[in-house]
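Here is the structure we will look at, set down as structure tokens.
Just follow the structure's listing: the first ligand is 1, and inside any ligand the first atom is 1.
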Amino acid sequence: MNFHIMTLFPDMINNALSESITGRAIKNDLIKIDTVNIRDFAQNKYGHVDDYTYGGGAGMLMQAEPVYLAYKSIIDKLPYGDKTENKKPRVLYMTPQGTPFTQAMAKEYSKEEDLIILCGHYEGIDERVLEMIVTDNVSIGDFVLTGGELPAMMIVDAVSRLVPGVLGKEESALYESFYDGLLEYPQYTRPEVFMGKAVPDVLLSGHHKNIEKWRYEQSIQRTKERRPDLYKLYIKNNDEKSKK
Ligand code: ADE
């Protein structure tokens with residue numbers, strides 16, 4: 001899967017994603033990170049890509065043209081390019097005004113061959129180019145960051161681990177938080193007793209049915225306590241399933 005990231009800070013993205021599991025996935029050719037520096041498409045000799053906003057107000061806005069040209073440079077190098085109207089890659093714009101990112105969205109994006117991610121800076125980007133190229137506005141939460149790079153890295157991370165082969169068997173995504181809509185149960189490793197706190201007996205029993213039951217109950221309890229919104233949804237979905 002190919003991630004094309006339009007940014008003013010390509011090093012920030014390349015440095016972070018070349019570590020750990022995403023780094024291994026890049027080496028194994030399972031994912032590719034293609035950072036495109038929007039500044040390379042500046043239309044003046046100073047390399048400026050921002051300007052004052054029409055109508056006044058504080059702050060600078062990223063101009064439409066360098067963003068459009070950076071987008072065009074990505075489209076032009078894709079094998080299917082801009083030639084067919086019906087096959088255009090998705091363009092995600094990182095913005096606090098977007099749809100809150102979820103595991104379901106990560107799953108959907110992981111089916112794409114190419115994903116373009118646009119990172120904004122300053123006070124935002126000229127609306128006209130956003131209207132022209134963006135297919136999905138995505139937020140990573142109700143707070144405002146200084147730019148779209150951290151959100152983009154989060155999306156790449158969450159989507160990459162769903163690409164077949166990126167996680168090993170041991171790391172398998174199957175039973176982690178949000179599988180089935182529940183949070184993960186608590187886990188323990190050696191020693192059996194740490195500062196007087198013992199591992200729950202059932203986990204040492206070797207009785208797989210009981211362990212499975214305990215873990216399920218813990219997941220339910222944890223979700224109910226920590227994420228009542230997810231718990232409600234889980235109960236609703238299960239009720240509907242049992243009625244079918
Ligand atoms: N850019 C700045 N803040 C953001 C957020 N919360 N989500 C996505 N992109 C952003």
Side-chain angles (χ1 to χ4, degrees), residues 1-22 31 33-42 48-71 74 88-112 114-163 177-178 183 226-227 229-230:
M1 176 169 185
N2 307 309
F3 296 93
H4 308 272
I5 305 173
M6 301 162 68
T7 170
L8 288 174
F9 302 98
D11 289 348
M12 189 173 165
I13 298 209
N14 288 325
N15 289 341
L17 294 178
S18 63
E19 298 284 342
S20 186
I21 293 176
T22 46
I31 61 166
I33 310 293
D34 165 37
T35 44
V36 176
N37 192 341
I38 298 169
R39 202 175 298 286
D40 290 345
F41 300 89
H48 291 167
V49 293
D50 59 324
D51 211 331
Y52 296 100
T53 51
Y54 280 117
M60 306 283 270
L61 208 60
M62 263 164 94
Q63 293 170 294
E65 192 160 13
V67 174
Y68 184 77
L69 292 173
Y71 165 77
I74 296 168
K88 276 212 180 128
R90 261 175 132 140
V91 180
L92 316 186
Y93 175 44
M94 301 296 105
T95 166
Q97 297 180 13
T99 308
F101 185 57
T102 61
Q103 189 65 22
M105 286 157 77
K107 212 166 168 181
E108 200 184 305
Y109 298 154
S110 71
K111 294 177 193 144
E112 303 286 335
D114 292 281
L115 204 59
I116 300 180
I117 304 182
L118 171 58
C119 307
H121 248 274
Y122 311 113
E123 291 303 305
I125 300 180
D126 188 307
E127 192 67 23
R128 291 167 294 184
V129 72
L130 297 178
E131 284 170 7
M132 286 165 75
I133 69 171
V134 172
T135 61
D136 302 68
N137 290 287
V138 183
S139 164
I140 57 149
D142 288 339
F143 43 83
V144 182
L145 299 168
T146 55
E149 283 72 20
L150 283 170
M153 287 188 254
M154 284 176 50
I155 305 254
V156 172
D157 190 291
V159 172
S160 294
R161 64 190 284 289
L162 301 177
V163 170
S177 289
F178 299 117
L183 301 186
R226 298 186 183 183
R227 292 293 304 272
D229 55 325
L230 289 181

Scan the side chains in residues 141-158 for donor-acceptor partners under 3.5 Å anywhere in the protein, sequence neighbours excluded, and list what turns up.
| from | atom 1 | to | atom 2 | distance (Å) |
| --- | --- | --- | --- | --- |
| E149 | OE1 | H121 | NE2 | 3.0 |
| E149 | OE2 | T7 | OG1 | 2.6 |

On a heavy-atom basis, which atom in [X] and which in [Y] lie closest, and how many Å separate them?
X	Y	answer
L130	Y93	CD1-CE2, 3.7 Å
G120	I125	CA-CD1, 3.9 Å
L8	R39	CD2-N, 3.8 Å

Residues in the immediate environment of ligand 1 (any heavy atom closer than 4.0 angstrom)
M94, T95, P96, V138, S139, I140, G141, F143, V144, L145, G147, P151
More than 12 foreign heavy atoms under 6.0 Å from CZ of R128: is that the case here?
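At most 12 heavy atoms, drawn from other residues, nucleotides or ligands, come within 6.0 Å of this atom.
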Enter the distance from R90:CZ to I133:CD1 here, rounded to the nearest 0.5 Å.
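Result: 15.0 Å between the selected atoms.
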